[in-house]
Novice: 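Got a structure for you, written out below as structure tokens; questions coming shortly.
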Amino acid sequence: MRLTVLGACGAWPEAGQACSGYLVEQDGFRLLLDIGYATLPRLLERVGADQVDAVFVSHGHPDHCADLNPLLRARHLRDDKPDPLPVYALPGAVDAVLALDRPGMLDDAYVRHEFNAGDRLRIGPFEAETRLLPHWVPNAGIRLTAGGRVLTYTGDTGPSPDVVGLAHDSDLLLAEATYVDQVPADSVHDLTSARQAGAQAAEAGVGMLLLTHFWPGTDRTAAQAAAGETYDGEVTAAEPGLIVELT
């Protein structure tokens, strides 16, 4: 299983950066976990738009799904159209981004697979377990299993025992870490600090922690250090172009 980071900013992309987007590959199958602002150009540096096999959207905030629109345009507005793209999302989560074009324009470009958080899915070679994690809007964390390896992605979430439960014994936890240490009072139930992500990784017994969804301007080195105070394993900060091989 291979993970390539396309973007790791929360809220909006910093200069030269992109928001949440991750390409996961297994046995030639290409799955996008989220596709936020500015992720499509980075994706297209690696693969063609027609080479994406499925998209999973954790929740409906635009820093996680805005570039679904240009991805569908890049697949549909061409002579040799690929098959409709499977899009997995919670009910209503991608309604706004799918409504950006005139009615019906992109209807043939995708097949929507709505699921409820807690459902188990089969996405290509991946066995997927989903779980509702706390955020301002419904957010589905996902646990992907394939080839004897496990990757868990939180989407955006506040600290929760459900994060630990979903991530238990994962080879890699891709975890929201918007802040280094202190989460503002109005966000303590909906976002996580790097320190908290480290504590949850330790409790879940994961093999590696990859921090992501940094508030623009966040010191990534400080985030790694904070997570390392509560987790003894390998801690890495997500950056565009970073590749992690789970072998």
Side-chain angles (χ1 to χ4, degrees), residues 1-6 20-36 39 43 46-47 51-60 64-65 68 71 82-91 93-94 110-135 138-157 160-176 197 200-210 212-213 233-234 236 238 242-247:
M1 192 186 303
R2 171 189 288 177
L3 170 73
T4 301
V5 176
L6 304 176
S20 293
Y22 316 92
L23 177 63
V24 184
E25 299 173 87
Q26 176 75 33
D27 299 333
F29 189 93
R30 296 182 175 97
L31 169 65
L32 284 178
L33 296 181
D34 284 342
I35 182 166
T39 54
L43 173 70
R46 292 161 176 81
V47 300
Q51 295 176 302
V52 177
D53 295 296
V55 175
F56 175 92
V57 174
S58 63
H59 64 290
H64 292 259
C65 66
L68 178 60
L71 173 61
D83 292 336
L85 179 66
V87 177
Y88 295 82
L90 295 171
V94 292
Y110 64 91
V111 176
R112 193 189 315 210
H113 297 274
E114 290 191 336
F115 65 91
N116 294 311
D119 288 350
R120 292 178 179 268
L121 309 169
R122 179 79 186 190
I123 307 176
F126 299 102
E127 295 287 346
E129 176 185 348
T130 65
R131 190 168 302 191
L132 186 67
L133 299 179
H135 196 48
N139 169 72
I142 188 169
R143 177 185 177 95
L144 296 172
T145 302
R149 294 293 177 260
V150 180
L151 183 160
T152 298
Y153 171 50
T154 64
D156 287 357
T157 180
S160 168
D162 286 322
V163 173
V164 176
L166 186 65
H168 70 90
D169 297 328
S170 294
D171 296 284
L172 174 65
L173 172 59
L174 177 59
E176 118 100 58
Q200 293 188 134
E203 188 175 353
V206 307
M208 176 182 175
L209 175 62
L210 182 56
T212 193
H213 196 260
E234 181 180 353
T236 303
L242 175 68
I243 295 174
V244 179
E245 299 272 6
L246 300 183
T247 58

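Everything numeric here is computed off the predicted structure, so don't read it as measured data. Every heavy atom of this structure was used, including side-chain atoms; hydrogens, water molecules and symmetry mates were not. We count residues from 1, following the sequence as given.
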Novice: Does atom CD of E203 have more than 12 heavy-atom neighbours from other groups under 6.0 Å away?
Specialist: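 Incorrect, the count does not exceed 12.
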Novice: Taking only residues two or more places apart in sequence, or in another chain, which ones meet H113 in a ring-ring contact (aromatic ring centres under 6.0 Å, His included)?
Specialist: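 Listed in chain order: Y88.
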Novice: Can you see which heavy atom on A175 is nearest to which on A197, and at what distance?
Specialist: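 Answer, listing the atom of A175 first, then A197: CB-CB, 4.2 Å.
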Novice: Heavy atoms, side chains only, cut-off 4.5 Å: are L121 and T130 in contact?
Specialist: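 With C-beta onward as the side chain, the pair touches.
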Novice: Would you call the rings of H64 and H59 parallel, tilted or perpendicular, taking 30° and 60° as the class edges?
Specialist: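 Correct class here is tilted.
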Novice: Is there a donor-acceptor pair closer than 3.5 Å between any side-chain N or O of Q200 and the backbone N or O of S160?
Specialist: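 A pair under 3.5 Å: yes.
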Novice: What residues, two or more places apart in sequence or in another chain, satisfy side-chain hydrogen bond (donor to acceptor under 3.5 Å, both in side chains) together with E234?
Specialist: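 Partners of E234 under the side-chain hydrogen bond (donor to acceptor under 3.5 Å, both in side chains) test: none.
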Novice: So V55 and Y110, do their side chains get closer than 4.5 Å, heavy atoms only?
Specialist: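 No; the side chains remain at least 4.5 Å from each other.
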Novice: Applying side-chain hydrogen bond (donor to acceptor under 3.5 Å, both in side chains), name anything that partners T39, two or more places apart in sequence or on another chain.
Specialist: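 Scan of T39 (side-chain hydrogen bond (donor to acceptor under 3.5 Å, both in side chains), adjacent residues dropped) gives none.
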Novice: Report yes if some heavy atom in the side chain of L151 is under 4.5 Å from a heavy atom in the side chain of L33; otherwise report no.
Specialist: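 In contact.
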Novice: According to side-chain hydrogen bond (donor to acceptor under 3.5 Å, both in side chains), who are the partners of S170, at least two apart in sequence or on a separate chain?
Specialist: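 Applying side-chain hydrogen bond (donor to acceptor under 3.5 Å, both in side chains) to S170 gives R143, T152.
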Novice: S58 and D34: side-chain donor and acceptor closer than 3.5 Å?
Specialist: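 Result is yes, a qualifying pair exists.
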Novice: Tell me, which pairs form a salt bridge (Lys or Arg N to Asp or Glu O under 4.0 Å) where one or both residues lie in residues 161-174, sequence neighbours left out?
Specialist: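 Pairs touching residues 161-174 that pass the test: R131-D162.
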Novice: Quick one: list whatever passes side-chain hydrogen bond (donor to acceptor under 3.5 Å, both in side chains) with R120, sequence neighbours left out.
Specialist: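 Partners of R120 by the side-chain hydrogen bond (donor to acceptor under 3.5 Å, both in side chains) criterion come out as none, since no residue qualifies.
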